[in-house]
Every structure is written in C-alpha cells, then in structure tokens.
Amino acid sequence: MAHNSAKPEHSTGVEPAEVGKTSAVDRLVEQIRDLIAERGLGIGDALPTERDLGEQFQAGRNTVREALQVLRAYGLVETRPKVGAVISGGHGEAIRRLFAFHNGISPDSFRDLQGFRRIIETGVGDHIILHASEADLDRLEAANARIRTAESVEEAARYDYEFHEAIVELSGNRTTLAAYRMMRSVIEEVMRLGKAERPVQSATYEAHAEIIGALRARDRIAYAYLMSRHLEFGLKFVGAPSGAQPAAIKT
C-alpha cells in the first residue's frame, strides 16, 4: 500500500516525510510571522483561517495546524471561540514583566538585555562581512535614513529597532533572527529612552552610519568596537541617578 506521505502536500492534508515536514512547518511559521508584520496586525487581530493560510502559502492542513501550534507555544497567537487564531499579547507582556522594574527598566535588566543584544549583534558581524552584498548594505542605509524622518518617540524607536533587526537578518540564521524578534517589545521600550530630543535621533543615525561604514570596509574589529560602543552608551543612561541624563542616547 502506498504511503500517504508520498502524495504532494497541496493535494492532501497528510504531511510528507519527516524531514520535509519539519522544513515545511518552519517555513510556514516564518511566512505567517512575515504576514503579521506586513499587515501590521496587532494584539486581538484575527489571522486568516487555516484554509486561507493553506491556500495562500500552498501548505497542507496539518502543516498549517502545526505552524499555528508553534506560534501558540511562543505566545504569539491564541485561539478564541468563534474567532479562530488571533494575535496574542501574552508573549510581549511576559517579556515586559520579566524586564520591567516599577515604571521603567531596571539597570540590571537593561544590562542583561544589552548584553543579549551585544552577543547577537556583534556575533553576526563576521558572517555579514564575509557574505553581505553592497545591495544588502544599501538596504541598511535606507533603514537608517528612516530614523531621521521619525515624527514621534514611538516611530523613532520602531525605525531604530528595524535597523538592528535588519543587521541580525543579514546573518542568514532564522533561529537567531527569531530569538531577536521575540525580544522586540522590550528592545523597543529601551530604545524609547532619550528619543524625545531630535539631537538623539541624529546621534543614533550617525552611530548606525559608522557601523555600516565598518561593514562596507569589511573591518571586523571596527564593527565589533562600534557596535559594542553603540550599545554600551545606553547603559550609562540607565545607570545614572534619577533625573540625570546625558546629552544623547544611542540605543
């Protein structure tokens, strides 16, 4: 008897062989995450139905269900009666509770977060220097330029985050990128620090431009130094006594 797994996935709800199934689920998880970002879906917004997701991404029913289970495990999606899968606030709130201290970010938590970012963002440098094209770096330039157009603190923080995420994305490692994206809510909260002043946005832009310059020069040492300095600057701000703020925050 022929195995169902030998049939094309789009013609049946049964999954293909194990290796292919894992790849299909991982790919669909990433596609759904991209769809959420592209449509700007927020907490409480409904995802397309399982059938619609399957048709849009040419995925079988089981693949769709397993992908949604992965997103639920990350706390990004929850299922509501008569509605289906919706964007959940559980993950973001859990992360914020982990790092929040009263009405802000505690110094120790801030150092932990920036330490996490330093490991990721300096760690991907070698791969980017070896493999990134000039077109990739041009896209980083475009992402950085948006910071100067920001008209609010929230917008500036979002553009700042998107620049750093773009750097991590150039690593080509989906697991690293997914781990970084999971921290987006608290990273953006940190990035809001000090961004009420226009000079701070200019300082952030200039720091990013230096980082891009090091990547264009394929200079590993300069990149690691500039990225570390960029992240460490914010540590001085959070560690400062209440009411004492440096002239610029570059997070």
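This is a predicted model, so every value here is computed, not measured. Numbers here simply count residues along the sequence, with the first being 1. Atoms considered below: every heavy atom in the structure, side chains included; atoms not considered: hydrogens, waters and symmetry mates.
With Asn144 contributing its side chain and Glu141 its backbone, the two residues share no donor-acceptor pair below 3.5 Å. Proximity of a side-chain donor or acceptor of Arg218 to a complementary backbone N or O of Ile129 within less than 3.5 Å is detected.
Residue Glu78 comes nearest to Ser88 through the heavy atom pair OE1-OG, 3.1 Å, listed as atom of the first residue, atom of the second, then distance. Heavy-atom minimum distance, Ala132 versus Leu137: CB-CD2, 4.3 Å. Residues Leu226 and Glu210 approach most closely at CD1-O, 3.4 Å, considering heavy atoms. Counting all heavy atoms, side chain and backbone alike, Val64 lies closest to Leu28 at CA-CD2, 3.5 Å. Contact detail for Arg65 and Arg72: the closest heavy-atom pair is O-NH2, 4.2 Å. When all heavy atoms of Ala85 and Val77 are compared, the pair lying nearest together is CB-CG1, 3.7 Å.
Aromatic ring centroids of Tyr205 and Phe163 lie 6.0 Å or more apart.
A salt bridge is absent between Arg139 and Glu169: the closest approach of a Lys/Arg side-chain nitrogen to an acidic carboxylate oxygen does not fall below 4.0 angstrom. No salt bridge links Asp136 with Arg216; every basic N to acidic carboxylate O contact stays at or beyond 4.0 Å. Ionic pairing of Glu154 and Arg158 is not present here: no N-O contact between side-chain nitrogen and carboxylate oxygen is shorter than 4.0 angstrom. The residues Glu50 and Arg61 are annotated as not salt-bridged, no charged nitrogen and carboxylate oxygen being separated by less than 4.0 angstrom.
Contact of the Glu66 side chain with the Val29 side chain is not registered, since no non-hydrogen atoms from C-beta on lie closer than 4.5 Å. Residues Leu170 and Leu215 fail the side-chain proximity criterion, which asks for heavy atoms closer than 4.5 Å. Here the side chains of Glu155 and Thr149 are not in contact, with every heavy-atom distance at 4.5 Å or above. When side chains are defined from C-beta on, His127 does not count as touching Asn173, because their heavy atoms never get closer than 4.5 Å. A heavy-atom distance below 4.5 Å is found between the side chains of Arg118 and Glu232. Thr176 has its side chain within reach of Val168: a pair of non-hydrogen atoms, C-beta onward, lies under 4.5 Å apart. Taking 4.5 Å as the limit, every side-chain heavy atom of Phe57 sits out of range of all side-chain heavy atoms of Thr63. Side chains of Asp52 and Glu55 form a contact here, defined as non-hydrogen atoms less than 4.5 Å apart.
Considering CZ of Arg220 and CD1 of Ile128, their distance stands at 12.0 Å, rounded to 0.5 Å.
Ring geometry for Phe116 against Tyr180 counts as parallel: the plane angle stays under 30°, on a 0 to 90° scale with 60° as the upper cut.
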Test side-chain contact (heavy atoms from CB on, under 4.5 Å) applied to Glu162 and Glu188, step by step: CA-CA 10 Å; Glu162 288 171 356; Glu188 283 197 21; over 6 Å; no
Val190 and Tyr161: CA distance, side-chain angles, deciding distance, side-chain contact (heavy atoms from CB on, under 4.5 Å) verdict: CA-CA 10 Å; Val190 164; Tyr161 171 83; over 6 Å; no
Working for side-chain contact (heavy atoms from CB on, under 4.5 Å), residues Met227 and His164: CA-CA 10 Å; Met227 180 61 78; His164 285 272; 4.2 Å; yes
Stepwise side-chain contact (heavy atoms from CB on, under 4.5 Å) test for Leu177 and Glu165: CA-CA 8 Å; Leu177 181 60; Glu165 182 185 279; 3.8 Å; yes
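Heavy atoms from other residues, nucleotides or ligands lying under 6.0 Å from OH of Tyr225 number 12 at most. Environment of CD1 in Ile221: sparse, with no more than 12 heavy atoms of neighbouring residues, nucleotides or ligands closer than 6.0 Å.
The cluster map of Ile, Leu, Val, Met, Phe, Trp and Tyr, joined by side-chain heavy atoms under 4.5 Å apart, puts Val86 and Val70 in different clusters.
A donor-acceptor contact closer than 3.5 angstrom links the side chains of Arg117 and Gln114.
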